[in-house]
Amino acid sequence: MIGSAAGAQDVATAPAVAEDTAPRDTARTNSAGNGEDIVVTGRLGTVNQRKVEASYSITTISDQELRQRAIGNLAEALQQIPGVWADSSAGVGANNTRVRGIPRGGYESLAVYEDGLPIQHDPGINWINVDQFLRIDESYSSIEAVRGGPSSIFAANAPGGLINFIPRRGTPELSGLLKLTTADYGQARADVWIGGPIADDWRFSIGGYYNKDQGVRDPGPTANEGGQGRVIVSKAFARGNLSFGVKYLEDNNFFFDAIPLVRTASGNIRPLTPFNGNDDTLTGPEDGNVVIKTPAGIRDAAFNLFNQTSDLQFTAKGDMRFDDGTTINAGFRYRDSKTNRNARGLNNLSTQAAYLTTNRANALRAFAAQGATDVRFVYSGDGSAYPADANGNGLVGVNTFQSIQNPIKEMIGLVELGHVFETGIGRHDVKLGFYGTTADWAHDRNDGVGITEVRDNARLLDVVAVNAAGQVVGRVTDGGIARYESRFAHSFGGYEDAAVYLSDEWQVTPKLRIDGGFRYEKIWIRGFSEGVRSFNLGDATTLADDNVLYGSGVLTRFDPAFDDKSYTIGANWQFLPNAGVFARYTSSYRLPQIGQYRDNVLPTDVRSQSIDQAEAGVKFQQPWGSLFATVFYNSFQDVQFTNTFIDPTSLLIVQEINYGDVRTIGVELEGSLRPTDWFDVAATATYQDPKFKNYSYNTIASGVTTTTSFDDNRPSSMPKVMASVRPRLTLANGRLRVLGEWRYEGNKFNDDANIVRLPAFSVFNASAELDVTDQVTVQVKGTNLSNSLGLGQGGGAQAVPGVAAGAIILARPIFGRTVSGSLLFKF
């Protein structure tokens, strides 16, 4: 299974590995490679297996590496894995990923597990991606990540792979740690972990963190504040393991959105004046003044509290081994989570003249009785005039203020039966598994269109109607909002999912192993979606509430069901104890998810996606170095793309479902070299060439539908080349460790049409750790030391004549240079 009892590998030696996870640096997943690290994740069988013996591609990250690299969130952890593109520029959560050329955003192609069970059954549900509910702290002992391979047999929604976060368990003797961290962006953070014995061989593990900071891009109010706590009680029996855990997360974190940049005639990209691309954000203190008015009253939204997340999780797990080679493994998880995502997104820029021209006629007609003769811009806060050359650009930003609430309650369970038996030809390690989940879910969305100036911490603007004397006689906008409720959605329901899987690892000879697996899965999606109609809220002093979209009170039921199957077959030839080759073919799928039914117009022609994958690799691992090389090919049929737009006639939201194919060939490299005791270097590299096939896209302009083919285009947010090199010096008898990192990301496109190209960039990071004593360690880390203006992702291109020396693109740069420091106490 995925984690096979969450770190207890269903073998006689497992308890020592699973239970003895004190805060000292663990060796079982050392990046330099000692050939003895035991694979926990994505296993077909139950017998101990080392990473170098696996018949699929796996990356392991120890707690030592997490600490030395100061990995702060899920996206940053994924950046350490070849074949995975991860953009961490959004902040703590709501980031984006792509795996092996799969054109699915968020975490739709990568299952994310904790302690061998899903954190969320579907990690990519719209607006509640799994990274909202995972925070990396010192309570984790290691991470294991699988690309492709058998992940889709054992995990739901894992066509690209899965990543498993393994928490610490209690230790035989009382031990613990306290880590205090600060940074030059106002961070104050404390991590704590303590573990030890209770009685009768029961052990406890307690850990968590609390953090508060202003964010690298300071929005004015506190950007990030919150924490989590975890308790695990476990016992290792002679024949198995038993554990109970609870985790609670309460966090408020900032979502960093795109800023405007200019592509010059030479092709270079620079921030639009007066932005600093490394640490500026449009969001500012005045966002807290924004309200969304509805026919039912003021929307419960606080735009200066950003992403509010809470998650309560209960877990129970156990496994047992019998003398005849039979194993039983079971796990159960219940979670109750809520997210309230408040964000501002910049849609486009306008000159003042163009915006006023668009609104002048309606305003003069609406306020004619009040003597309106013209319209003008003023600051919403104090009513003062907005200068023509304000901020060196004089532009107006048209923004969407989004308030989206997504509660979900979920129960997940699995039971696995395994048996190891000998035959006349080798040993069979067979596993039969049953997986199920049930969930209740809701989606509420209320958007407003607002206008602001264009600068760091932008202030709200209003358009007012004035008379001949210049006196204000009416308001086109209201408190910076040009249109209340520009988008409304209210859906609620849930889903049930059930799967059965069977696998066999056949050790034909001591050197040759053949494995195979089969999975059948079905999901039942159920719920209601409310229709939408337009309202006039009746405020005669403003036009902002004249066309408010809100619920019609008419509910439409949806209850589709989908099923599919996957299978895999692989072979591994271990021609040397620490060297081997493998090959694998996998036919997998990606079932639809409930988030596709979140809007008032329900999608049609929703279907499961078929995915064929082939891979072959070479593995070599010794204490002095390692090399893992994998060639992969993916063919994705019926990959789903949702085009969401507002029908210009009905003003209703339309979700157009498009299907196409994507074919990708690529190679992944992961290696390390340790020529001396005081120097080692680790590196990863990926080359991939994904291309659309049989894919067209419809757009509507002035009521006319236009069809465009994207065949042979590269899917958005997919660089062809990614690489990283991480040299490390270990000095002063191991007490001083200096780690450098160079990370390269090749150019990529911001859109599937391949119109907006984002240039390649490099990032340099470095850290130094000093063991002052055996119990006290000091660390300093610098990120993006060269202040690279690398672009993660964003929107399209826009020409603003006479304002910028080239097209303006809206994109989200990576964070600028930061320096952080931590003090670690261990006992």
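No experiment lies behind these values; they were computed from the predicted model shown. Position 1 is the first residue of the sequence; numbering continues from there.
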Is a salt bridge present between Asp122 and Arg590, judged by a nitrogen-to-oxygen distance below 4.0 Å?
yes
Surrounding CH2 of Trp524 (heavy atoms of other residues, nucleotides or ligands, distance under 6.0 Å), is the total greater than 12?
yes
Would you call Glu668 and Arg147 a salt bridge, taking side-chain N to carboxylate O under 4.0 Å as the test?
yes
What orientation do Tyr501 and Phe154 show, parallel under 30°, tilted 30 to 60°, or perpendicular over 60°?
perpendicular
Do the side chains of Lys522 and Asp497 get close enough for a salt bridge, i.e. N-O under 4.0 angstrom?
no
Distance, nearest 0.5 Å, that separates CG of Asp324 from OG1 of Thr327:
9.5 Å
So does Arg239 pair up with Asp323, basic N to acidic O under 4.0 Å?
yes
Is the Lys NZ or Arg CZ of Arg230 less than 6.0 Å from the centre of Tyr140's six-membered ring, within 45° of the axis?
yes
Could you check whether any side-chain heavy atom of Thr568 comes within less than 4.5 Å of a side-chain heavy atom of Tyr56, counting everything from C-beta outward?
no
Should Gln228 and Lys247 count as side-chain neighbours, where that means a heavy-atom distance under 4.5 Å?
yes
The side chain to side chain donor-acceptor pair (under 3.5 Å) partner of Asp115 among Arg333, Gln313, Arg169 is Arg169
Hey, does the Lys NZ or Arg CZ of Arg513 hover above the aromatic six-ring of Trp506, less than 6.0 Å from the centre and inside 45° of the axis?
no
In plain terms, say whether Arg67 and Glu65 are close enough for a salt bridge, that is, a side-chain N and a carboxylate O under 4.0 Å apart.
no
Would you check if Asn96 and Trp85 make a side-chain contact, meaning some heavy-atom pair closer than 4.5 Å?
yes
Under a 4.5 Å cut-off applied to non-hydrogen side-chain atoms, are Ser610 and Tyr589 in contact?
no
Locate the shortest heavy-atom distance separating Asn129 from Asn95; write the atom from each residue and the value.
ND2-O, 4.0 Å
For salt bridge (Lys or Arg N to Asp or Glu O under 4.0 Å), just list the numbers for Glu138 and Arg168, CA-CA rounded to whole Å, side-chain angles, deciding distance to a tenth of an Å, and then say yes or no.
CA-CA 9 Å; Glu138 286 287 345; Arg168 300 184 192 276; 3.5 Å; yes
Regarding Lys317 and Asp319, does a basic nitrogen lie under 4.0 Å from an acidic carboxylate oxygen?
no
Using side-chain contact (heavy atoms from CB on, under 4.5 Å) as the criterion, point out the one residue from Thr59, Asn73, Ile71, Leu110 that pairs with Leu78.
Leu110
Is it true that the NZ or CZ of Arg100 lies under 6.0 Å from the centre of Phe636's six-membered ring and within 45 degrees of the ring axis?
no
Salt bridge or not between Glu76 and Arg69? Use side-chain N to carboxylate O under 4.0 Å.
no
Ion pair Arg607/Asp605, N-O distance below 4.0 Å:
yes
Nearest 0.5 Å please: distance from the CD1 atom of Ile611 over to the OG atom of Ser588.
4.5 Å
Once rounded to the nearest 0.5 Å, what's the spacing between atom CG of Leu117 and atom CG of Leu414?
5.5 Å
Mutual orientation of the aromatic rings belonging to Phe558 and Trp441 [parallel < 30°, tilted 30-60°, perpendicular > 60°]:
perpendicular
For a side-chain contact (heavy atoms from CB on, under 4.5 Å) with Arg321, tell me which candidate from Asn241, Val420, Thr326 qualifies.
Asn241
Knowing that exactly one of Arg584, Glu505, Glu615 qualifies, which makes a side chain to side chain donor-acceptor pair (under 3.5 Å) with Ser55?
Arg584
So Glu410 and His121, side-chain contact (heavy atoms from CB on, under 4.5 Å) or not? Walk me through it.
CA-CA 8 Å; Glu410 193 168 40; His121 164 74; 2.8 Å; yes
Regarding Arg526 and Glu496, does a basic nitrogen lie under 4.0 Å from an acidic carboxylate oxygen?
yes
Salt bridge flag under 4.0 Å for residues Lys235 and Asp200:
yes
Pick one: which of Thr60, Asp63, Ile61, Leu74 meets side-chain contact (heavy atoms from CB on, under 4.5 Å) with Ile143?
Ile61
Residue pair Asp612 / Tyr585, side-chain heavy-atom distance below 4.5 Å:
yes
